[in-house]
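Worth saying up front: this structure is predicted, and the values here are computed from it rather than measured.
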Amino acid sequence: MSICKLCFKEIINHGFFSIFNKSSICFKCFLKLEANFSRNIILGIEVISIFKYNDFFKSVLFQYKGCFDIEIKNIFLERYVHYLRYRYKGYIIIPAPSNEDEDEIRGFNHVIEAFDLLKLPIQPIIKKKIKFKQSDLDKKEREKIKNKLLITNFEIIHNKKILIVDDIITTGSTIKAMIEMIKKYNPKDIKVLTIAKVCRKK
C-alpha cells in the first residue's frame, strides 16, 4: 500500500495513466496543484510553467523549501517525467541561481533536486555576484538583475541545447536576464521550464 506524502491517505491508482506515471501523492492532492502547462514567450524563447501558483501549491512549496522536506522533491514532475524527458532530450539544464546561504541551511538546492528527476545533465553555472533575494528587489532593481549575475563556464553553453529551469516565475526578470546572458555564447537552442507561474492580478 502506498501512502500520499501530502495528506497521508492511501494512494488509489486511476486507470491507464497511473501504470506509466507512478506518483508519491494521491490523485486528489495532485488535482489541487492545478497543472495547466501555461505557455509564455520571453525574448522569443518559449517558457512552459507546469502549475498555477495557487494556495495549495504555495503551501506545498513551503513544505518543500521552508520545512526542508526533501521527501516530496519528486511530486512536481513525476506524473509528467516521461513526457518531459522526451520533450527536452539532449538539453543541458541550467538552474536559476539560488541563495547559497539558504541552500546550506536547507541542506539541498530545491531547484536542482526537483529537476534531477529528468536525468539530464545539470550545470549550475550562473551565480549571484552578490547576495540578494529577488523578493526584496523593487521593479527597477529587478530590471537590472543581469548586473548581479555571472556565468562561471561559458564553454558549456556554446552550440548546446539549453534548458533554463526555476521553481517559480513571477515577473520573469531572472529568466530574461539568464536568456540574455546565455544568448551571448551562441547556444544551439534555449527553452525554459518552471514548476509554477504566478498569475498577477490586473
Side-chain angles (χ1 to χ4, degrees), residues 16-25 30-31 33-53 57 60-61 64-65 70 72-98 103 108-127 134 145-146 149 151-199:
F16 183 79
F17 180 81
S18 63
I19 297 174
F20 298 102
N21 296 272
K22 299 299 180 182
S23 180
S24 55
I25 61 173
F30 171 72
L31 289 179
L33 288 172
E34 290 192 85
N36 65 346
F37 278 84
S38 67
R39 182 176 180 269
N40 192 20
I41 301 294
I42 297 179
L43 298 178
I45 302 300
E46 178 187 68
V47 180
I48 298 294
S49 302
I50 301 174
F51 298 102
K52 293 181 181 179
Y53 190 71
F57 181 92
V60 171
L61 188 65
Y64 177 47
K65 290 174 60 176
I70 197 170
I72 65 171
K73 68 175 186 173
N74 292 337
I75 69 171
F76 306 106
L77 304 185
E78 61 188 0
R79 284 183 180 262
Y80 306 112
V81 67
H82 300 297
Y83 164 71
L84 293 172
R85 285 176 183 169
Y86 174 78
R87 182 182 180 94
Y88 300 113
K89 183 179 180 180
Y91 281 75
I92 295 172
I93 290 176
I94 297 184
S98 64
D103 288 351
F108 60 92
N109 179 297
H110 67 285
V111 174
I112 291 176
E113 289 293 335
F115 284 94
D116 183 60
L117 193 63
L118 299 185
K119 302 304 178 188
L120 297 173
I122 300 177
Q123 298 287 349
I125 59 171
I126 295 184
K127 306 288 185 182
Q134 185 168 313
I145 200 168
K146 184 173 65 172
L149 306 177
I151 293 181
T152 59
N153 188 347
F154 62 85
E155 294 178 356
I156 289 172
I157 297 170
H158 179 69
N159 203 34
K160 299 294 193 305
K161 295 194 289 185
I162 302 299
L163 177 62
I164 297 171
V165 301
D166 204 355
D167 57 346
I168 305 296
I169 182 169
T170 305
T171 64
S173 55
T174 298
I175 297 299
K176 181 180 178 181
M178 292 179 70
I179 290 171
E180 289 177 337
M181 295 174 74
I182 289 170
K183 275 185 172 181
K184 291 181 180 180
Y185 299 102
N186 301 312
K188 189 174 183 179
D189 189 29
I190 304 175
K191 292 191 183 302
V192 180
L193 178 64
T194 72
I195 298 175
K197 178 182 179 181
V198 176
C199 294

Nearest heavy-atom approach of E78 to S24 is OE2-N, 2.7 Å

Residues I151 and I126: closest non-hydrogen pair is CG1-CG1, 3.9 Å

### Query
Is a donor on one side and an acceptor on the other found under 3.5 Å between the side chain of S49 and the backbone of F51?
no

Interatomic distance, CD1@I42 vs CD1@I179, rounded to 0.5 Å, equals 5.5 Å

**Q.** Parallel, tilted or perpendicular: rings of F30 and Y80 (30°, 60°)
**A.** tilted

Check: If we only count heavy atoms from C-beta on, is the T194 to V165 side-chain gap below 4.5 Å?
Finding: no

Interatomic distance, CD@Q123 vs CD1@I92, rounded to 0.5 Å, equals 6.5 Å

Between the CG atom in L163 and the CG atom in L120, the distance rounded to the nearest 0.5 Å is 7.0 Å

Does F76 have its ring centroid less than 6.0 Å away from the ring centroid of F115? no

Tightest non-hydrogen contact, residues L117 and R85, listed as O-NH2, 2.7 Å

Working note: I94 + I157, criterion side-chain contact (heavy atoms from CB on, under 4.5 Å); need CA distance, chi angles, decisive distance, verdict. CA-CA 9 Å; I94 297 184; I157 297 170; 4.1 Å; yes

Next item on the list: Would you please test D189 and Y91 for side-chain contact (heavy atoms from CB on, under 4.5 Å) and show each step?
Entry: CA-CA 9 Å; D189 189 29; Y91 281 75; 2.4 Å; yes

Value for NZ (K160) from CD (E155), rounded to nearest 0.5 Å, stands at 9.0 Å

*Heavy-atom distance under 4.5 Å between the side chains of I25 and L33, does that happen here?*
yes

Determine whether R87 and I48 make a side-chain contact, defined as any pair of heavy atoms from C-beta on separated by less than 4.5 Å. yes

Nearest heavy-atom contact between I162 and I182 is CG2-CD1, 4.0 Å

If we only count heavy atoms from C-beta on, is the P124 to I112 side-chain gap below 4.5 Å? yes

The reported gap from CG in N159 to NZ in K161 (rounded to nearest 0.5 angstrom) is 11.0 Å

task: Under the side-chain contact (heavy atoms from CB on, under 4.5 Å) rule, what do L61 and I195 come out as? Steps first, then yes or no, please.
output: CA-CA 10 Å; L61 188 65; I195 298 175; 5.7 Å; no

Close side-chain approach of D166 to M178, heavy-atom, < 4.5 Å: no

Is F37 atom CZ crowded by more than 12 heavy atoms from other residues, nucleotides or ligands, each under 6.0 Å away?
yes

Worksheet item: Side chains of I169 and V192: closer than 4.5 Å at any heavy-atom pair?
Response: no

In this structure, CD of E34 is separated from OH of Y53 (nearest 0.5 Å) by 14.0 Å

_Can you tell me if K73 has over 12 outside heavy atoms packed within less than 6.0 Å of its NZ?_
yes

Check your understanding: For the residue pair F57 and Y64, is the inter-centroid distance of their aromatic rings smaller than 6.0 Å?
Key -> no

- Item | Derivation of the side-chain contact (heavy atoms from CB on, under 4.5 Å) call for I164 and V47 | CA-CA 9 Å; I164 297 171; V47 180; over 6 Å; no

Notebook entry, point to check: Within a strict 4.5 Å, meaning less than it, do heavy atoms of the L43 and I175 side chains meet?
Noted result: no

Quick check: do L149 and P97 have side-chain heavy atoms less than 4.5 Å from each other? yes

On a heavy-atom basis, the closest approach of H110 and D167 is NE2-OD2, 3.0 Å

Looking only at heavy atoms, the pair that brings T152 and K127 closest together is CG2-CG, 3.6 Å

